[in-house]
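This chain uses plain numbering: 1 for the first residue, then up along the sequence.
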Amino acid sequence: MSPESKKLFNIIILGVSFMFIFTAFQTCGNIAQTVITNLNNTDFHGSGYTSMSIIYGVFSASSLLSPSVVAIVGPQLSMVVSGVFYSLYIAVFIQPATWAFYTASVFIGIAAAVLWTAQGNCLTVNSNENTIGRNSGVFWALLQSSLFFGNLYIYFAWQGKTRISESDRRTVFIALTVISLVGTVLFFLIRKQEDTKAPGEEDSTNEILGDSSSAKAKMTRAVAAFKKSIKLSFTKEILLLSVTTAYTGLELTFFSGVYGTCIGAVNRFGSEEKSLIGLSGIFIGVGEILGGGIFGLLGKSNRFGRNPIVMLGIVVHFIAFYLIFFNMPNDAPIAPMEGTDRVAFMTPSKEVAILCSFLLGLGDSCFNTQLLSILGFLYSEDSAPAFAIFKFVQSICAAVAYFYSNYFLLQWQLLIMVVVGFCGTITFFAVEWEAAAALAARGSDYSSI
């Protein structure tokens with residue numbers, strides 16, 4: 001197998017592994033609040049929103065240290081161990097206990113920081129400036145396929161149900177736990193890249209992937225990775241991209257947790273309200289996969305760079321927010337177990353609700369594929385710290401959004417995303433223009449990015 005084929009193989013295995021793990025985790029996140037609402041008449045008194053807030057809060061706190069963990073343990077083993085913790089979190093729902101639920105939330109926050117830092121490092125090591133756009137798209141399309149499979153099962157299994165029984169819950173979460181473990185095992189198939197640098201030449205990627213068994217050498221790499229994370233945090237490019245990243249954290253919370261809860265709370269959807277949560281997740285996945293495919297696999301023919309794709313993403317999201325504002329009752333995110341009978345500015349429409357799901361997924365793929373691409377391009381020699389900062393900002397904003405989702409009406413949640421999304425688009429444009437100018441100065445073809 002040629003070196004390029006081996007790299008593409010690694011990207012595909014990386015994407016498929018994440019697809020299995022996040023088929024389980026994203027489906028879990030999509031239905032968690034609905035399942036918990038049906039449990040709150042028992043001894044269990046947890047909150048799905050609070051759990052996700054803890055996860056992303058711990059995630060953000062752990063992100064700046066995660067490059068050091070990856071430096072010591074290595075990216076492959078880091079992803080394997082993190083995958084085990086994802087599986088344990090999902091398994092908690094088989095027999096829920098409040099203490100176990102919140103304890104698992106803390107551990108999965110740490111695991112997520114390590115997992116995504118290792119993923120960014122693996123993606124960059126197996127790419128160059130000509131393939132980073134393609135590989136980002138391939139990975140993103142495979143990852144977001146996870147939204148399709150789990151939610152397809154939820155749609156058919158919960159069709160016509162207004163309450164989720166104990167048997168239904170256990171069946172779903174046993175299956176999701178097994179799926180997550182399959183994805184974890186697949187990480188072992190990723191093949192290590194050989195060092196192609198000239199003697200004496202090294203970068204932070206090689207430091208992260210170094211083979212030295214010396215404890216002192218590993219600690220040196222760990223400290224160096226942490227210092228680079230801190231140093232990169234204050235560069236102009238990272239500060240500007242942090243606004244865009246903050247928006248992806250807010251809208252991640254909305255489409256992965258809040259919007260499904262809104263749909264499940266609308267009584268006017270009748271007996272289909274619970275199964276519509278699964279259908280919504282499917283169409284979010286369709287939008288994500290379509291975006292990843294178009295902007296990644298077909299990205300080689302794009303001579304205008306990343307800005308038009310990000311512009312498409314914000315326009316698509318603004319259309320979705322406008323339709324959601326008109327279609328969904330304002331109290332839907334915080335409705336009680338009985339749901340809400342209120343009406344917004346139109347009679348709630350299932351078709352409009354599902355269209356908005358598709359638009360949310362498509363817009364999200366526009367932002368995330370281009371952020372992965374520009375980070376891999378700008379920081380090819382500092383990939384682990386750069387992706388750690390990306391996840392730090394994204395996760396802390398997701399944590400804040402999950403926290404206020406317990407209290408804010410729908411209109412205020414939408415307004416926050418509109419303001420931050422507009423600012424994030426402008427700051428992304430600024431960084432992209434600088435990247436294009438730097439590429440032109442090197443005499444490279446702009447379409448290659």
Atom CE of residue position Met311 - does it have more than 12 heavy atoms of other residues, nucleotides or ligands inside 6.0 Å?
no

Do Ser51 and Ser105 pair up side chain to side chain, a donor and an acceptor below 3.5 Å, judged on atom types alone?
yes

Is a side-chain donor or acceptor of Asn368 paired with a backbone partner of Asp364 at a separation under 3.5 angstrom?
yes

Approximate separation, where rounding is to 0.5 Å, of Tyr322 OH and Asn327 CG
12.0 Å

Ring geometry between Phe18 and Phe22 (parallel below 30°, tilted from 30 to 60°, perpendicular above 60°):
parallel

Has Phe326 got more than 12 heavy atoms of other residues, nucleotides or ligands less than 6.0 Å from its CZ?
yes

What closest approach, in Å, do Ser127 and Ile11 show between heavy atoms, and which atom pair accounts for it?
OG-CD1, 4.4 Å

Minimum heavy-atom distance Phe422-Ile314, with the two atoms named
N-CD1, 4.3 Å

Are any non-hydrogen side-chain atoms of Leu371 and Phe428 less than 4.5 angstrom apart?
yes

Rounded to the nearest 0.5 angstrom, the OG1-NZ distance for Thr427 and Lys236 is 12.5 Å

Checking the side chain of Ser280 only, and the main-chain atoms of Ile354 only, is there a donor and an acceptor separated by less than 3.5 Å?
no

Counting C-beta onward and ignoring hydrogens, is there a side-chain heavy-atom pair between Phe325 and Val418 closer than 4.5 Å?
no

Between Leu186 and Phe20, does a side chain to side chain contact (heavy atoms under 4.5 Å, CB included) hold up when you go through it step by step?
CA-CA 9 Å; Leu186 287 175; Phe20 275 96; 3.7 Å; yes

As a quick check of understanding, evaluate side chain to side chain contact (heavy atoms under 4.5 Å, CB included) for Tyr404 and Leu250, giving each step before the final call.
CA-CA 11 Å; Tyr404 68 59; Leu250 299 180; 3.8 Å; yes

For atom CZ of Phe367, is the number of surrounding heavy atoms from other residues, nucleotides or ligands below 6.0 Å larger than 12?
yes

For Val393 and Ala246 the tightest heavy-atom approach is CG1-N, 3.9 Å

Working for side chain to side chain contact (heavy atoms under 4.5 Å, CB included), residues Phe390 and Ile238:
CA-CA 8 Å; Phe390 166 62; Ile238 286 291; over 6 Å; no

Are any of the side-chain heavy atoms of Val172 and Leu176 separated by less than 4.5 Å?
yes

So do Ser365 and Leu290 actually touch side chain to side chain, heavy atoms under 4.5 Å?
no

To the nearest 0.5 Å, how far apart are OG in Ser180 and CD1 in Ile90?
4.0 Å

Any non-hydrogen side-chain atom of Phe392 less than 4.5 Å from a side-chain atom of Phe59?
no

How long is the straight-line distance from NE2 of His317 back to SG of Cys356, given to the nearest 0.5 Å?
10.5 Å

Check: Ser146 side chain, Leu143 main-chain N or O, donor-acceptor pair, under 3.5 Å
yes

Do you know which two heavy atoms are closest between Leu240 and Ala430, and how far apart they sit?
CD1-CB, 4.3 Å

Is there side-chain contact between Leu362 and Glu288, with at least one heavy-atom pair below 4.5 Å?
no

Give a yes or no answer on whether the side chain of Asn135 reaches the backbone of Leu123 with a donor-acceptor pair at less than 3.5 Å.
no

With a 4.5 Å cut-off on side-chain heavy atoms, are Thr235 and Leu239 touching?
no

Might you work through the side-chain hydrogen bond (donor to acceptor under 3.5 Å, both in side chains) test for Ser256 and Tyr402, ending with a clear yes or no?
CA-CA 10 Å; Ser256 65; Tyr402 270 113; 3.2 Å; yes

Within a 6.0 Å radius of atom CZ on Phe429, are there more than 12 heavy atoms belonging to other residues, nucleotides or ligands?
yes

Donor-acceptor contacts, no H, no angles, side chain residues 70-86, under 3.5 Å, sequence neighbours left out:
| residue | atom | partner | partner atom | Å |
| --- | --- | --- | --- | --- |
| Gln76 | NE2 | Phe187 | O | 3.0 |
| Gln76 | NE2 | Ile190 | O | 2.9 |
| Ser78 | OG | Gly74 | O | 2.6 |
| Ser82 | OG | Ser78 | O | 2.8 |
| Ser82 | OG | Ala111 | O | 3.1 |

CA sep, side-chain torsions, deciding dist, call: Tyr89, Phe107, side chain to side chain contact (heavy atoms under 4.5 Å, CB included):
CA-CA 8 Å; Tyr89 174 81; Phe107 282 110; over 6 Å; no

In Å, rounded to the nearest 0.5 Å, how long is the span from OH of Tyr259 to CD1 of Ile284?
8.0 Å

With side chains defined as the heavy atoms from C-beta onward, is the minimum distance between Thr244 and Thr425 less than 4.5 Å?
no

Do any N or O atoms from the side chain of Gln370 and from the backbone of Val310 form a donor-acceptor pair under 3.5 angstrom?
no

Tell me yes or no: between the side chains of Thr245 and Gln394, is some donor less than 3.5 Å from an acceptor?
no

Run Glu432 and Asn307 through side-chain hydrogen bond (donor to acceptor under 3.5 Å, both in side chains) and show every step you take.
CA-CA 7 Å; Glu432 173 69 351; Asn307 282 349; 5.5 Å; no

When every non-hydrogen atom of Val258 is compared with those of Ser405, the smallest separation belongs to CG2-OG, 3.3 Å

Minimal non-hydrogen separation, Leu410 against Met328, with atom names
CD2-CB, 3.4 Å

If you round to the nearest 0.5 Å, how far is OG of Ser66 from CG of Leu115?
10.0 Å

